[in-house]
Structure formats: structure tokens, C-alpha cells
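Below, chains carry the letters A, B, ... as their sequence lines are ordered, and counting in each starts from 1.
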2 protein chains.
Amino acid sequence: MAQPRIPRERSLTYGLVETLGQLIVTGAFATQPFPTEGELSRQHGTSRSVTREAVKMLTAKGLLRARPRQGTNVTVESQWNLLDPDVLRWLLERKFSLQLLAEFTEMRLAIEPAAAALAASRADREAIEQIRAGLERMHAASQGDDEPVAADIAFHTAVLVATGNRFFAQLDPMINTALRISIRFTNRIKGRAADIAQHEEVLDAIVAGDGERAALAMRALIGEVLELIATAQAPPAARRGGRSSA
Amino acid sequence: MAQPRIPRERSLTYGLVETLGQLIVTGAFATQPFPTEGELSRQHGTSRSVTREAVKMLTAKGLLRARPRQGTNVTVESQWNLLDPDVLRWLLERKFSLQLLAEFTEMRLAIEPAAAALAASRADREAIEQIRAGLERMHAASQGDDEPVAADIAFHTAVLVATGNRFFAQLDPMINTALRISIRFTNRIKGRAADIAQHEEVLDAIVAGDGERAALAMRALIGEVLELIATAQAPPAARRGGRSSA
DNA sequence: CTGAGATTAATAATCATATAATATGTCCGG
DNA sequence: CCGGACATATTATATGATTATTAATCTCAG
């Protein structure tokens, strides 16, 4: 009679959202129709309440659309809300593509230099301390005393917050999510130590209140990432010794 | 026994989301605690299912947080997802502030010039036709033959889509929502006819494939809006004949 | 008095079931 | 061939009961 006491770090509903979200983005329902409410409940052993709420959340993320009698359907990919950290994470983790990573980096190239410039003109002492703390974590990480990915993310988050602009700050969860996967990729290509100096340049410019220089430094930083991705995307024939792709 | 047949354009759940969302952003629960599940059902005459699903959607938008025993609470404003069109609309319509509008425009200033540059380098014939169509609607609107707000929005949407970058395209619903209110404001300050030429410059640059010029033109366009807002925000003493604010 | 640990109680989370509303297709009469 | 009545599948809504979680309270040894 005693339930197995499965400790779940999240509720049943969120667990189901996670499971279904990953299935959807990987195209599990591209050929077969999306299950009906009752079928979902049976397949995943959850009540209809839980099922319904999970479907509702996925609808809010733009992945599903439910209508009476017609059933629940997966929407076309262009309607998926990439700005939602969950959706973005599912795509990058379960259906990774350099193309998507390139598009994401392209957007960072628009956002973050502007954020650095705003930070230079407006960051208060506390905000600058946060940026500095991120940089110091990167230094520590290069010595093996901190987690390099977390350190890098802390730096970029601090810059976004330092803008004092709520919209830039709101982009943080999404950028953090993608950055985590992005770094995983770029780390395989080049060492981290090299660009700590570039991050330092960004901080210096912000402290000096020089928005233009801060933007340029940030642009250089992200531009390099974009180039790395573009290189990896280039047809293998253009690279030495690459395996032919077909 | 016949139900009153109230035609509801949206479901009960979405109606409740709308109602509660507006109440939350206007601070209706700043002093009093947020009602419990059962109380909400009674107050709004909806079932617990509907109530729960509405709460879940507002949780996804970052406005609420529900925990057993503690109840459901309104989160701190910094956690509200401004990138969600609903949240943004509620804020701008029900709790308008020039400060928020300024921050939004600041972000457009980062996004849209970059989008214009990308469009210049990548837009295909179809995408350019969409931008041109938007511009032509603006012309028509200046003659009273179209809706000026819709025309302006169509133009900016077309540029975002023309980037071929899914992230820029995804920003569209949010920018559209805020633009609708933004234009309502700036229209009160200046006539629209003046800046059609500037929009034309953006299109010309994109057609010519000149990303830098396209970005500059777009930046000028949005920069003017930001200046308008900044002027309106300036302390009344700095303006001629303004009423004292206290 | 104090603090750690056990107990209680309030509330969301989940489950189960029933009814209503709404599209979608089918069939029949014209 | 067409249009409307009707059947049907599925989501939407409603309701009551049970379970899990956790803040608050109480207990009691120190």
C-alpha cells in the first residue's frame, strides 16, 4: 500500500510538460497525430487534470493548439516561442543545430553590445561590482577554482542587469539558457583563457563610462563566437581533412 | 432553464487570465493577499479547473507563484515576463508609464537597426515585397485610406521577418503589442506624415543591400521616438508653460 | 529562556468522474 | 449537387474527494 516515495524535484505537471516538450520539438508527432487527452493520461499515468494543465502550458509556449472535436495539434515550428527558455533549451539540447545557434548568436550581437553601452552610461556601484564579480569568477575558473560556464554566464547576466532596463534584464533567462549550450560548443573549439582579456576590456569601458568602447568590445567578443560557428557550418570541402558530408 | 447564451469570444479560462492579469499589474493585490483557489472560484463564478488553469498560465507568465500551504502569491515585479505580449499589454494599457515606454524604445533601438542590417544582406524578393507593402500602407494611411497604426506595424514586422532569423521574428508579437500603444502616444505629439520618408530610406537601403545605411536609417527613426518620450518625461519646469507637477 | 524536533493545519496538487460545448463529418431530402 | 439536420469525438467545464507539502505552532529537554 505504501507508495514508492519517488522524490520528484518538480511537480507531475512540470515533469509532463518537460517530457512532452522534448517529444514535440524532436518531431515525435510529425507523422503520428498528437494523442488525445485521455490517451495522454493513460500513456503517462497522470490524471486528466495534470494532463490538461501540461497541455495548457505547452499551448502558452506556442507548441500546441487545442480545439474541441478537432483535438490537440502540434503547431508549425515558426509559432514556437523561442524566447521561452524551456522551448529554447529543448531545441538546443534535443535537436541541436548550428543554424539555430548562429541565429541566436546573431541576436546576441544586437542585444549585448547595446546593453554594454547602456551599462556604461548608467551602471551604479552595485551593478559594476556584479560585473566585476563575474569577471573574477572567470579568472578563478581559468585556475580551476570555479565553474567556467557559470562564471561566463554571471558576467553577461550582470551586464544585462546593469542596463537598468527591464527589457534587457528580461532577456537574461533566455540568453543564459542558450549560452549554457553555446559555451559547451565553443569550448570544444577554443580555450577560454584567451578571451578573459576581452571581457576585461568590456568592464574597463563600462567603469570608464565609455559606452562606445564597451559596445565595441562586446561586439568583438560575440563576433568571434559567431565566426567560430560560421566556420563550423562551412561546407566540409572548405576545411582541410573534413569528412565529406554526403 | 435555458442558459443566457452569453457569446464569449474566448474561453472562460482565458477570460479569467485576462481579468486577473490586469488586476495583478495594477497592484490590486499589493496590500491584500492573493485569494486562495476556492475564493477565486467563488469570486469569479468559475470552476476550480478553470481557476487552476488560469493560475497556471499566470504562473508561466511570471506573475504568480503557487506553493502548498503558503498559497498563491504575486511575484515581485522584476520577475514579470515583459517579453510576454499579454503582460506587456496589461502594463501599458492599465498602468501606463513613460518610463516603461522609454525602456521599450531603448530595446527597439538595439533590435531593429540590427534587423534592418540583416534584412539588407539577406532579404529575398518576397520579404522585400512585404516591407514595400507596409510602406505603401503608410502612404495610403496618410491619405486616410488605411489605418496608420496597422500600416506602421506592418512595416516593422516585415523587417523583422526579413532577417530570416527566427529570434528576431519571435520578437515581433511583443514589439507589435507595445508599438500599438507607443504609436498612440507619439501620434499625439507629432504627425505621421513626416517620417514616411525615413521609412522609405530604410527600404531603399535594404533593397540596395546596404546594411549599414539601413541600420542608420532605422536608428534615426527610433531615436526620434525615444527623444520624444524623453522630452515628455523631462521635469515640467524645463518646458514652457507646463503645469507644475505638485 | 532557547532551540531542536515533533505536531498540526492550511493550501495547493492530484485524482476520478460527470456534464456541457463545439467542431467535424455524414447522411438524407430536395 | 447542395444545404441543413443529426451523430459523434474531443476538448472545456464542473465538482467532490484524497494526497502532499510546508509554514506555523507546540513540546520539551537543556
Identify, with sequence neighbours excluded, every residue that meets side-chain hydrogen bond (donor to acceptor under 3.5 Å, both in side chains) alongside A:Asp146.
-> A:Arg137

Who are the side chain to side chain contact (heavy atoms under 4.5 Å, CB included) partners of B:Ser78, not counting sequence neighbours?
-> B:Val76

If you take all heavy atoms of A:Met107 and B:Phe168, which pair is closest and at what distance?
-> CA-CE1, 3.9 Å

List the atom of A:Leu171, the atom of B:Leu83, and the distance in Å for their closest heavy-atom pair.
-> CD2-CD2, 3.5 Å

Would you say A:Gln130's side chain and A:Glu126's backbone share a donor-acceptor pair under 3.5 angstrom?
-> no

Separation of C:dA12 atom P from B:Lys56 atom NZ, nearest Å, is 12 Å

Go through residues 57-76 of chain A and report each residue with a non-hydrogen atom lying under 4.0 Å from DNA chain C, sorted by number.
-> A:Arg67, A:Pro68, A:Arg69, A:Gln70

Sort and list the pairs that fulfil ring-ring contact (aromatic ring centres under 6.0 Å, His included) and have at least one residue in residues 51-74 of chain B, not counting sequence neighbours.
-> none

Quick one: list whatever passes side-chain hydrogen bond (donor to acceptor under 3.5 Å, both in side chains) with A:Gln22, sequence neighbours left out.
-> A:Glu18, A:Arg94

Separation of A:Glu53 atom CD from C:dC15 atom P, in whole Å?
-> 10 Å

Sorted by number, the residues of residues 27-47 of chain B with heavy-atom contact under 4.0 Å to DNA chain C | B:Thr36, B:Glu37

For B:Ser97 and B:Leu100, indicate whether the former's side chain and the latter's backbone hold a donor-acceptor pair under 3.5 Å.
-> yes

With sequence neighbours excluded, residues passing side-chain hydrogen bond (donor to acceptor under 3.5 Å, both in side chains) with B:Arg166 | A:Glu103

Spacing between B:Leu16 atom CG and D:dT13 atom C1', to the nearest angstrom = 13 Å

Taken in chain and number order and not counting sequence neighbours, the residues that satisfy ring pair (Phe, Tyr, Trp, His ring centres under 6.0 Å) with B:Phe167 are A:Phe104

Identify all pairs in which a protein N or O lies below 3.5 Å from an N or O of nucleotides 5-7 of chain C, and state each distance.
none

Does any pair with a residue in residues 137-156 of chain A pass ring-ring contact (aromatic ring centres under 6.0 Å, His included), and if so which ones, sequence neighbours excluded?
-> A:Phe155-A:His199, A:His156-A:His199

Ignoring hydrogens and angles, tell me if any N or O in the side chain of B:Arg122 forms a donor-acceptor pair with the backbone of B:Thr163 under 3.5 Å.
-> yes

Under the side-chain hydrogen bond (donor to acceptor under 3.5 Å, both in side chains) test, residues paired with B:Thr75 that sit two or more places apart = B:Trp80

Give a yes/no answer on whether the side chain of A:Thr13 brings an N or O atom under 4.0 Å of OP1 or OP2 in C:dA13.
-> no

Whole angstrom value for the distance that separates P of D:dA12 from CZ of B:Arg52 = 16 Å

At a cut-off of 3.5 Å, list every protein nitrogen or oxygen paired with a nitrogen or oxygen from nucleotides 17-19 of chain C, distance to 0.1 Å.
residue: C:dA18; atom: N6; partner: A:Arg48; partner atom: NH1; Å: 3.4

